[in-house]
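First the structure, in the form of structure tokens, and then the observations on it.
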2 protein chains.
Amino acid sequence: MPKIKTSKEEVLSKVIPMLRTRGVQNSSMSELAKACGIQKSHFYYYFNNKEELIKEVLSTVYSYFKYNLFKIIDSASLSLPEKVEKMKLLMGKIFKASDGGCIMANTALETIHLNPSYGKEIQSFFTDFIKGLQGLLEQKYDSDEALMLAEQMVQDIEGGILLTQVYNDLKYINNAVSRMEKIILN
Amino acid sequence: MPKIKTSKEEVLSKVIPMLRTRGVQNSSMSELAKACGIQKSHFYYYFNNKEELIKEVLSTVYSYFKYNLFKIIDSASLSLPEKVEKMKLLMGKIFKASDGGCIMANTALETIHLNPSYGKEIQSFFTDFIKGLQGLLEQKYDSDEALMLAEQMVQDIEGGILLTQVYNDLKYINNAVSRMEKIILN
DNA sequence: GTCTATAGATCGATAGAC
DNA sequence: GTCTATCGATCTATAGAC
């Protein structure tokens with residue numbers, strides 16, 4: 001029997017798009033395992049239970065987002081338009097609308113009133129998202145106004161992700177991103 | 001056992017807040033029945049299956065929203081500020097953030113990639129929501145710009161409902177509503 | 001592969017209104 | 001005696017977990 005090593009990272013990367021489209025409650029451990037090409041029992045070798053799996057998924061997404069976001073924002077070499085362009089690419093990766101939208105928003109709405117244990121990661125994600133945009137805006141606006149605008153942008157984008165899925169039409173998320181770009185670049 | 005008549009409407013009204021907070025998948029027929037003070041089996045006297053129950057819930061919410069929305073928008077006797085004020089009240093009823101936010105958005109994100117049968121009602125809801133706001137805006141903007149602004153408002157509000165739940169802080173939805181008010185009233 | 005709990009769903013029975 | 005609202009018991013499938 002050849003031992004093919006499946007890494008935890010590999011499992012997580014296969015599980016994330018599944019959870020993003022199907023949601024937490026609608027994804028059974030069996031389905032998730034099958035999507036990874038492993039036995040369900042092997043899943044419990046990596047994760048003690050489903051809740052732990054979800055937590056690791058959320059913290060994986062969060063870490064990835066946070067690292068790349070601040071790499072852009074804090075870069076000394078990038079111009080503002082270049083930063084905006086890279087932000088758009090990053091958001092495109094995180095918010096695959098055709099693929100279920102924003103896993104943070106989806107998980108928040110699905111679980112927040114039932115299992116608060118995911119709340120910390122979700123809050124951190126949105127806090128950093130807002131902070132990142134605020135940072136870009138502070139080149140042209142004072143701190144308070146930058147914060148308010150950043151919050152508005154995140155709301156616009158998340159609402160756009162919702163409508164994009166409801167109507168299966170990318171224009172809503174695209175419009176939100178255009179508005180963001182226009183305000184940041186003046 | 002005495003014969004106490006429970007109406008379908010009564011059942012729906014008790015089930016709606018439950019579904020709004022807990023979501024579709026997280027609300028079992030037993031729990032829903034218990035919340036109504038009836039046996040699970042009696043639920044199937046009113047609804048053939050869970051899917052039918054959810055459909056009736058969504059169409060109840062949609063009908064209520066649609067009727068009241070256009071009663072405000074199309075009123076000949078109300079001034080624009082009065083209309084905005086009444087809109088705010090209506091939205092407050094539909095989007096009880098402390099009670100789970102927007103059942104249409106929640107259900108959309110939870111089910112859209114799994115059970116498209118709820119899609120029609122959800123789309124109609126958002127279409128009317130946008131149309132209503134567009135109607136108010138057309139007193140001051142041309143039709144195209146009014147539509148774009150209305151879409152932006154809905155996205156801002158829905159994103160605000162999300163953040164309000166994530167942070168348990170009403171400021172996000174309140175800010176979105178303030179922005180809406182300001183733009184409509186100039 | 002097996003455990004246990006629970007999901008959605010169905011059935012038959014019963015108590016009263018007509 | 002039938003019709004209507006209700007309940008308790010039960011079935012089958014599948015969930016998470018080991």
Side-chain angles (χ1 to χ4, degrees), chain A residues 1 3-4 6 8 11-12 14-60 100 103 106-107 110-118, chain B residues 1-60 100 103 106-107 110-118:
Chain A
M1 276 292 151
K3 270 196 184 146
I4 298 164
T6 329
K8 200 183 212 182
V11 166
L12 284 170
K14 289 192 177 146
V15 148
I16 289 171
M18 189 114 182
L19 285 167
R20 181 160 44 198
T21 41
R22 304 182 53 86
V24 171
Q25 198 74 13
N26 278 301
S27 306
S28 71
M29 294 297 265
S30 326
E31 287 171 326
L32 294 172
K34 196 193 244 177
C36 297
I38 60 175
Q39 286 293 323
K40 180 168 55 160
S41 52
H42 195 52
F43 238 80
Y44 286 88
Y45 170 75
Y46 290 125
F47 314 98
N48 286 325
N49 49 48
K50 192 178 182 181
E51 183 173 318
E52 200 177 275
L53 163 65
I54 305 299
K55 277 187 190 162
E56 292 213 36
V57 162
L58 294 182
S59 87
T60 300
I103 195 174
N106 297 350
T107 307
E110 195 184 344
T111 66
I112 214 157
H113 297 278
L114 296 161
N115 190 340
S117 73
Y118 307 132
Chain B
M1 280 288 134
K3 196 175 164 176
I4 299 162
K5 198 174 170 298
T6 328
S7 75
K8 201 182 211 181
E9 290 68 41
E10 205 180 323
V11 166
L12 284 170
S13 75
K14 289 195 176 143
V15 148
I16 289 171
M18 191 114 181
L19 286 168
R20 180 162 44 198
T21 41
R22 303 182 53 86
V24 170
Q25 200 73 13
N26 278 300
S27 305
S28 72
M29 293 298 265
S30 326
E31 286 171 326
L32 293 173
K34 196 192 246 178
C36 297
I38 61 176
Q39 284 294 323
K40 176 169 58 163
S41 53
H42 192 47
F43 239 85
Y44 287 88
Y45 174 75
Y46 291 122
F47 314 99
N48 286 325
N49 49 49
K50 193 177 183 181
E51 183 174 318
E52 200 177 275
L53 163 66
I54 305 300
K55 278 188 190 165
E56 291 212 35
V57 162
L58 294 182
S59 87
T60 300
I103 195 175
N106 297 349
T107 308
E110 194 184 345
T111 67
I112 215 156
H113 297 278
L114 297 161
N115 190 341
S117 73
Y118 307 132

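In the text below, chain A, chain B and the rest are named by the order of the sequence lines, each starting its count at 1.
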Treating A:N106 as the side-chain partner and B:E110 as the backbone partner, does any N or O pair qualify as donor plus acceptor under 3.5 Å?
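Such a contact is absent between A:N106 side chain and B:E110 backbone.
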Remember a base hit wins even if backbone is also touched, and classify B:Y46 as base, sugar-phosphate or nothing at under 4.0 Å, heavy atoms.
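Sugar-phosphate contact only.
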Within the 4.0 Å heavy-atom criterion, would you say B:S7 contacts the bases, only the backbone, or no part of the nucleic acid?
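Answer is nothing: B:S7 stays at 4.0 Å or more from every strand.
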Checking B:P17 now: which residues fulfil side-chain contact (heavy atoms from CB on, under 4.5 Å) with it, not counting sequence neighbours?
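Once residues adjacent in sequence are excluded, the partners of B:P17 under the side-chain contact (heavy atoms from CB on, under 4.5 Å) criterion are B:R20, B:D99.
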What is the separation between atom [atom1] on [X] and atom [atom2] on [N], rounded to the nearest whole Å?
{"X": "B:Q25", "N": "C:dG8", "atom1": "CD", "atom2": "C1'", "result": "11 Å"}
{"X": "B:F47", "N": "C:dT10", "atom1": "CZ", "atom2": "P", "result": "15 Å"}
{"X": "B:N49", "N": "D:dC11", "atom1": "CG", "atom2": "P", "result": "22 Å"}
{"X": "A:E52", "N": "D:dC18", "atom1": "CD", "atom2": "C1'", "result": "15 Å"}
{"X": "B:E31", "N": "C:dG8", "atom1": "CD", "atom2": "P", "result": "8 Å"}
{"X": "B:I54", "N": "C:dG8", "atom1": "CD1", "atom2": "C1'", "result": "12 Å"}

Quick one: list whatever passes salt bridge (charged side-chain N to carboxylate O under 4.0 Å, His left out) with [X], sequence neighbours left out.
{"X": "A:E31", "answer": "A:R22"}
{"X": "A:K14", "answer": "A:E10"}
{"X": "A:E51", "answer": "A:K55"}

Nucleic acid contacts of residues 32-41 of chain B, taken as heavy-atom distances under 4.0 Å to DNA chain C
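Of all residues in residues 32-41 of chain B, the ones placing a heavy atom under 4.0 Å from DNA chain C are B:K40, B:S41.
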Taking OP1 and OP2 of D:dA17, is either one under 4.0 Å from a side-chain nitrogen or oxygen of A:Y44?
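For A:Y44, the contact criterion (side-chain N or O under 4.0 Å from OP1 or OP2 of D:dA17) is met.
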List in chain and number order the residues that pass ring-ring contact (aromatic ring centres under 6.0 Å, His included) with B:F43, two or more places apart in sequence or in another chain; answer none if no residue qualifies.
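Partners of B:F43 under the ring-ring contact (aromatic ring centres under 6.0 Å, His included) test: B:F47.
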